[in-house]
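A quick write-up on the structure given underneath.
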Amino acid sequence: MAILQKKICMIGDFSVGKTSLVAKFVRQTFSDKYLTTVGVKIDTKLLKLPDGNQVKFILWDIAGSDSLTTTTASYLRGAAGFLLVVDGTRLPTWNSALNLRLAVEKQIGSKPFIILLNKADLQEQWEMNEQAIEEKTKQGWKLLTTSAKNGMNVEQAFLELALLMT
Amino acid sequence: MANIPASVVRYIQSMWMAEMILTYLHVDIQGRLIDWGGYPQHYGLIDLTKDKLVVEQVNFLDGFLDITHTEVLQYLNIGGSRYINVHIVPLDGSIYVLLFDVTDEHNKQQKMQQQVNELSILTYRQSQLLQELETTRKKLSEEKKQLEQAIKLKSNFIATLSHELRTPLTSIMGYTKLLDDAKQANDYETKYLDSVKRNANHLLSLIDNVLDQTKLEIGQIKLHSNNCNVKQLLADLKSLFLPIAQEKNLLFDIKISNNLPTQLIIDELRFRQVLINLITNGIKFTDKGFVEVEIAWQNGRLDFTVTDSGPGISSESQQKIFTAFHRESTAKTLPGAGLGLAISYHLVELMGGQLSVESSPQFGSNFTGFISANSVQFPNNNVNSISHTNIKVLLVDDSIDLRSLIELYLENYGYAVITASDGQEAVKLALQTKPDIILMDMQMPVLDGYNAVQQLRAKKFTKPIIALSGSNIEHDRKYAFEVGCNEYMTKPVDPENLLNTISKIIQ
């Protein structure tokens with residue numbers, strides 16, 4: 001039986017940790033050194049679902065930006081879902097994520113997504129507005145606090161997105 | 001390349017890509033791989049199989065095979081360190097996928113973007129830090145306000161306490177002096193009286209020091225510079241301290257430079273206070289040898305030095321010696337609150353000068369300072385020489401003890417004294433008896449001194465009024481002048497000073 005293949009896009013402002021989340025998820029590695037992504041990095045990962053089925057994720061780690069450009073918009077074609085990544089220590093990246101979600105939906109229609117509040121290991125610099133988060137949760141959005149550094153909720157994030165897509 | 005249609009070849013040629021490594025894939029309408037060419041292994045594309053679905057072999061193409069016009073995907077990394085531009089060109093029902101290596105161009109772009117992003121993050125962090133600094137500044141400013149308010153409350157509390165302590169102390173000191181002057185006491189009684197006097201003086205000095213320190217802390221001490229007979233002041237100090245020094249078998253002298261003018265414009269009270277503090281300390285800590293004061297004047301600057309042959313001060317202690325409540329370990333058994341030097345230091349600063357210390361253990365200490373002091377020629381008046389026989393004084397004070405005491409002084413000097421115990425009575429008596437001068441206590445029941453003076457001035461009473469107050473606070477002094485007082489004296493009032501002031505004013 002052919003394995004189900006799903007294209008997932010990593011979306012978010014620059015330096016929020018998209019590449020680090022993919023590296024942690026795919027290769028279990030992490031580096032503190034920031035290396036900006038230009039274009040898109042494509043990775044694959046086979047994920048076993050709780051029902052025993054397997055799904056192959058084609059992960060498109062798209063260059064970070066606070067808005068969607070023509071170039072980045074073309075990468076979205078065929079995406080089955082996306083992870084919207086926010087840097088918990090920089091409040092403006094939350095607003096970027098909200099704008100990007102609207103732009104993505106306009107481009108590829110309504111698709112499952114999860115908001116990842118990343119860099120949870122830097123709690124002393126945390127700038128997230130709890131009230132805004134609560135508001136989105138009440139609207140039915142799925143939000144997870146993650147850390148690519150210590151692995152917190154990384155596997156969980158991809159698994160939950162897989163479940164939202166099946 | 002032979003299998004590529006001419007139109008696709010022209011498409012390739014339209015781009016500048018001499019350095020690019022070209023690979024192409026040809027895909028049919030069902031998405032199966034028909035053919036390929038170039039160097040697919042360069043991009044990690046190995047084991048390509050014809051007639052098999054291309055998305056199973058080149059998975060990033062998933063979603064791109066149903067396009068109707070050319071699509072370009074820039075800077076794709078599909079593993080390894082190479083970056084490619086992917087051109088997906090639909091042609092006659094099939095698709096040509098062209099792969100070009102753009103690693104070099106990508107790396108240049110990446111380097112630039114890295115700098116832009118790092119700068120952006122740095123700017124953001126800086127702005128956050130500035131915001132935090134501003135928040136901290138605001139918080140500190142708020143705390144400073146609260147602290148200032150607390151200090152003000154403390155200051156008012158100490159001022160009130162000072163007033164409450166000064167009034168009874170005035171009576172104690174005055175009556176002790178009267179008893180002492182009577183000279184009928186036996187040895188024991190004289191000894192007891194001396195003890196009462198000494199302790200009352202100590203208590204008064206302590207109250208004054210605490211109050212001065214409080215006022216210095218909140219910047220409430222204002223100088224009252226006036227003509228001062230410096231030579232007389234120094235002579236007074238010499239006669240005050242010589243017997244004390246002699247009691248300890250110490251040599252004591254005040255040396256004055258030849259050019260010291262008789263009259264200088266200084267705050268006499270505060271300069272006297274500084275010298276008293278320094279000399280008192282010198283005598284207190286010196287067990288053997290001498291205490292010597294040197295005074296010199298030149299070009300508006302009055303220099304003073306107090307040298308002793310005492311135990312000296314360690315260099316570590318010299319750093320803290322002008323700090324309030326600092327006490328030398330050697331002073332623990334001696335009386336004092338550790339305020340004298342701190343007060344002196346700030347007073348000297350207020351008087352436009354500086355105070356410093358040089359000392360070495362075993363060789364004694366040397367306190368050196370200066371203040372601003374301009375000289376003036378001032379006619380010498382003998383204020384006590386005039387006759388007081390016909391001068392009528394209205395003395396107003398709610399304390400019967402104090403009233404009786406001052407009345408006694410004034411009558412001894414020939415003044416005719418009328419008394420009142422509150423402001424209301426004072427206003428009535430003043431208008432009836434028309435005194436030449438009024439001595440007015442400022443804090444009294446029924447009608448206080450401030451209101452009484454205001455009423456008298458409103459009723460055209462033009463004769464001088466001297467305020468006698470237990471408060472040493474600048475605000476109270478200022479207010480007394482505002483309501484119409486001509487002079488302001490703080491309790492306990494020195495009898496001689498009071499008599500001189502009365503003489504000077506009525507003259």
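All chains are named by letter (A, B, ...) in the order of the sequence lines, taking the proteins before the strands, and each is independently numbered beginning at 1.
Counting heavy-atom neighbours within 6.0 Å of B/Tyr345 OH, excluding the residue itself, gives a total of 12 or less. Annotation: B/Ile67, atom CD1; neighbour count of heavy atoms from other residues, nucleotides and ligands within 6.0 Å is above 12. The environment of A/Gln131 atom CD is sparse: at most 12 non-hydrogen atoms of other residues, nucleotides or ligands sit within 6.0 angstrom. Annotation: A/Glu127, atom CD; neighbour count of heavy atoms from other residues, nucleotides and ligands within 6.0 Å is above 12. Counting heavy-atom neighbours within 6.0 Å of B/Phe157 CZ, excluding the residue itself, gives a total of 12 or less. Atom CD of B/Glu134 is surrounded by more than 12 heavy atoms from other residues, nucleotides or ligands within 6.0 Å. More than 12 heavy-atom neighbours from other residues, nucleotides or ligands sit within 6.0 angstrom of NZ on A/Lys136.
Proximity to chain A involves both the backbone and the side chain of B/Gln110, based on heavy atoms less than 4.5 angstrom apart. Contact of A/Ile62 with chain B is not made at all, since no heavy-atom distance falls under 4.5 Å. Proximity to chain A is absent for every atom of B/Val116, based on heavy atoms less than 4.5 angstrom apart. Residue B/Tyr124 touches chain A through its side chain alone, counting heavy-atom pairs closer than 4.5 Å. Contacts of A/Asp87 with chain B are made by side-chain atoms alone, with heavy-atom separations under 4.5 Å and no backbone atom involved.
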Practice prompt. Kindly indicate, with the supporting measurements, whether the criterion side-chain contact (heavy atoms from CB on, under 4.5 Å) is fulfilled by A/Gln5 and B/Glu56.
Written response: CA-CA 9 Å; A/Gln5 191 166 292; B/Glu56 288 175 4; 5.7 Å; no
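No side-chain donor from either of B/Gln128 and A/Gln125 sits under 3.5 Å from a side-chain acceptor of the other. For B/Asn117 and A/Thr36, the side-chain atoms include at least one donor-acceptor pair closer than 3.5 Å.
B/Asn77 has its side chain out of reach of A/Val40: every pair of non-hydrogen atoms, C-beta onward, lies at least 4.5 Å apart. Between A/Thr89 and B/Arg125 there is a side-chain heavy-atom pair separated by less than 4.5 Å. Residues A/Ser74 and B/Leu73 meet the side-chain proximity criterion, which asks for heavy atoms closer than 4.5 Å. Contact check for B/Glu105 versus A/Val38: no side-chain heavy atoms found under the 4.5 Å cut-off. Within the 4.5 Å cutoff, side-chain heavy atoms of A/Phe14 are placed close to those of B/Ile121. Between A/Lys7 and B/Phe60 the shortest side-chain heavy-atom distance does not fall below 4.5 Å.
Within the model, atoms CG of A/Asp13 and OG of B/Ser120 stand 8.0 Å from one another, a figure rounded to the nearest 0.5 Å. Atom CG of residue B/Asn59 and atom OG1 of residue A/Thr44 lie 6.0 Å apart, to the nearest 0.5 angstrom. Atom OG1 in A/Thr71 sits 9.5 Å away from atom OH in B/Tyr75 (nearest 0.5 Å).
Salt-bridge annotation for A/Lys56 and B/Asp62: absent, with no side-chain N of the basic residue lying under 4.0 Å from a carboxylate O of the acidic one.
In terms of heavy-atom pairs under 4.5 angstrom with chain B, the leader among A/Gly78, A/Gly39, A/Gly64 is A/Gly39.
Judged purely by atom type and a 3.5 angstrom limit, A/Tyr75 uses its side chain to pair as donor or acceptor with the backbone of B/Gln74.
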